Asker: 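Before I ask anything, let me first share the structure, which is written out below as structure tokens.
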Amino acid sequence: MAKTLISVVVALILVSSTLGSSDVPFIVAHKKASLTRLKSGAERVSVSIDIYNQGSTTAYDVSLTDDSWSQDVFNIVSGNTSTSWERLDAGGLLSHAFELESKVEGMFYGAPAVITFRIPTTAALQEAYSTPILPLDILAVRPPEKKFEWRLLAKYGSQISVISIVSVFVYLVASPSKSGAGKGSKKKR
């Protein structure tokens, strides 16, 4: 459920309203993180960031930086915490993902990623922020998930089936028939 909550709301940042024009990029960025426990006693954090341009014009020189991952706690396994693209067209989507690993136990509160971009009508770089992630409880003690035991079904399935069939048969034979009881109380003329 927590992963779903991480994916729910996105932060919206609109380019400065002082531009006086509605022809601007409208950047929406969504940051997600999930944990995977490794057998080595570490925890892998998979991070993905989706950047949408909901505006009516193209954003240029799009850059993503996610510096909230402390090097004292996390090691980069794959990818980079920052990247850049030449452009993000109106209605377009850019995605970036990376993986980290941590052997440090505790709660981690991640900050939003920063997205900078340029629009043709303004020289200054514009800035947008992604959603923050919910706190990650790294290397927390979690109760084991209850999984259906297929071994038990294979071992005792036939006995359970026979007992169920016999029980239903005994119930049907021992219970009085309702249709016969209704007919017995009426007198024939």
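As the structure is a computational prediction, the values presented were derived from the model and not from experiment.
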Asker: Is there a chain of hydrophobic side chains (I, L, V, M, F, W, Y, each step under 4.5 Å between heavy atoms) that links I76 to L136?
Answerer: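 Yes; L136 is reachable from I76 via cluster members.
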
Asker: To the nearest 0.5 Å, tell me how far L100 CG sits from F108 CZ.
Answerer: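 L100 CG to F108 CZ: 8.5 Å, rounded to 0.5 Å.
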
Asker: Examine V104 and I138 and state if one hydrophobic cluster contains both, with Ile, Leu, Val, Met, Phe, Trp and Tyr joined whenever side-chain heavy atoms are less than 4.5 Å apart.
Answerer: yes

Asker: Are the side chain of N53 and the backbone of F26 linked by a donor-acceptor contact shorter than 3.5 Å?
Answerer: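 Side chain of N53 to backbone of F26: a pair is present.
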
Asker: Can you tell me how far CG of L94 sits from CG of L64, rounded to the nearest 0.5 angstrom?
Answerer: 9.5 Å

Asker: Give a yes or no answer on whether the side chain of N80 reaches the backbone of S82 with a donor-acceptor pair at less than 3.5 Å.
Answerer: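 Not a single qualifying donor-acceptor pair exists.
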
Asker: Would a single hydrophobic cluster contain both L88 and Y60, if residues Ile, Leu, Val, Met, Phe, Trp and Tyr are joined by side-chain heavy-atom contacts under 4.5 Å?
Answerer: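 No, because Y60 and L88 fall into different hydrophobic clusters, even though each may have its own neighbours under 4.5 Å.
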
Asker: Of all the heavy-atom pairs spanning A90 and S56, show the shortest one and how long it is.
Answerer: CB-C, 3.7 Å

Asker: Roughly how far, to the nearest 0.5 Å, is the CD1 atom of I27 from the OG atom of S130?
Answerer: 12.5 Å

Asker: List the steps, then state whether side chain to side chain contact (heavy atoms under 4.5 Å, CB included) holds for T81 with T65.
Answerer: CA-CA 6 Å; T81 58; T65 305; over 6 Å; no

Asker: Restricting to non-hydrogen atoms, name the atom on S68 and the atom on K31 that form the minimum distance, rounded to 0.1 Å.
Answerer: OG-NZ, 3.4 Å

Asker: Locate the shortest heavy-atom distance separating A59 from F117; write the atom from each residue and the value.
Answerer: CB-CD1, 3.9 Å

Asker: Counting distance only, does the side-chain N/O of T122 pair as donor-acceptor with the main-chain N or O of A124 below 3.5 Å?
Answerer: no

Asker: Rounded to the nearest 0.5 Å, what's the gap from CZ on R118 to OG1 on T58? Could you check?
Answerer: 11.0 Å

Asker: Would you name the heavy atoms of P135 and M107 that are closest together and state the gap between them?
Answerer: CB-CE, 3.4 Å

Asker: Could you give the distance from CZ (R44) to CD (E101), rounded to the nearest 0.5 Å?
Answerer: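 It comes to 5.0 Å.
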
Asker: Quick one, D50 with K32, criterion side chain to side chain contact (heavy atoms under 4.5 Å, CB included). Give me CA distance, side-chain angles, the key distance, then yes/no.
Answerer: CA-CA 9 Å; D50 296 325; K32 299 174 278 201; 3.3 Å; yes

Asker: Under 30°, 30 to 60°, or over 60°: which ring-plane class applies to W69 and F74, parallel, tilted or perpendicular?
Answerer: perpendicular

Asker: If Ile, Leu, Val, Met, Phe, Trp and Tyr residues are connected whenever their side-chain heavy atoms lie under 4.5 Å apart, and connections chain through other members, are L172 and F169 in the same group?
Answerer: no

Asker: Evaluate side-chain hydrogen bond (donor to acceptor under 3.5 Å, both in side chains) for S63 paired with D61, printing each intermediate quantity in order.
Answerer: CA-CA 6 Å; S63 175; D61 301 328; over 6 Å; no

Asker: Check side-chain contact (heavy atoms from CB on, under 4.5 Å) between V162 and all other residues, then give those that pass, not counting sequence neighbours.
Answerer: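 For V162, the residues satisfying side-chain contact (heavy atoms from CB on, under 4.5 Å) (neighbours in sequence not counted) are V166.
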
Asker: For Q71, I'd like to know if atom CD has over 12 heavy atoms of other residues, nucleotides or ligands within 6.0 Å.
Answerer: no

Asker: Checking the side chain of K103 only, and the main-chain atoms of L139 only, is there a donor and an acceptor separated by less than 3.5 Å?
Answerer: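 A pair under 3.5 Å: no.
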
Asker: Are V114 and L125 linked, directly or through other ILVMFWY residues, by side chains that come within less than 4.5 angstrom of each other?
Answerer: no

Asker: About how many Å separate CG of L134 and CG of D137, when rounded to the nearest 0.5 Å?
Answerer: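 Reported value, rounded in 0.5 Å steps: 12.0 Å.
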
Asker: Compare every heavy atom of Y129 with every heavy atom of P112, then report the nearest pair and how far apart it is.
Answerer: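 Closest approach of P112 to Y129, heavy atoms only: CB-CB, 4.2 Å.
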
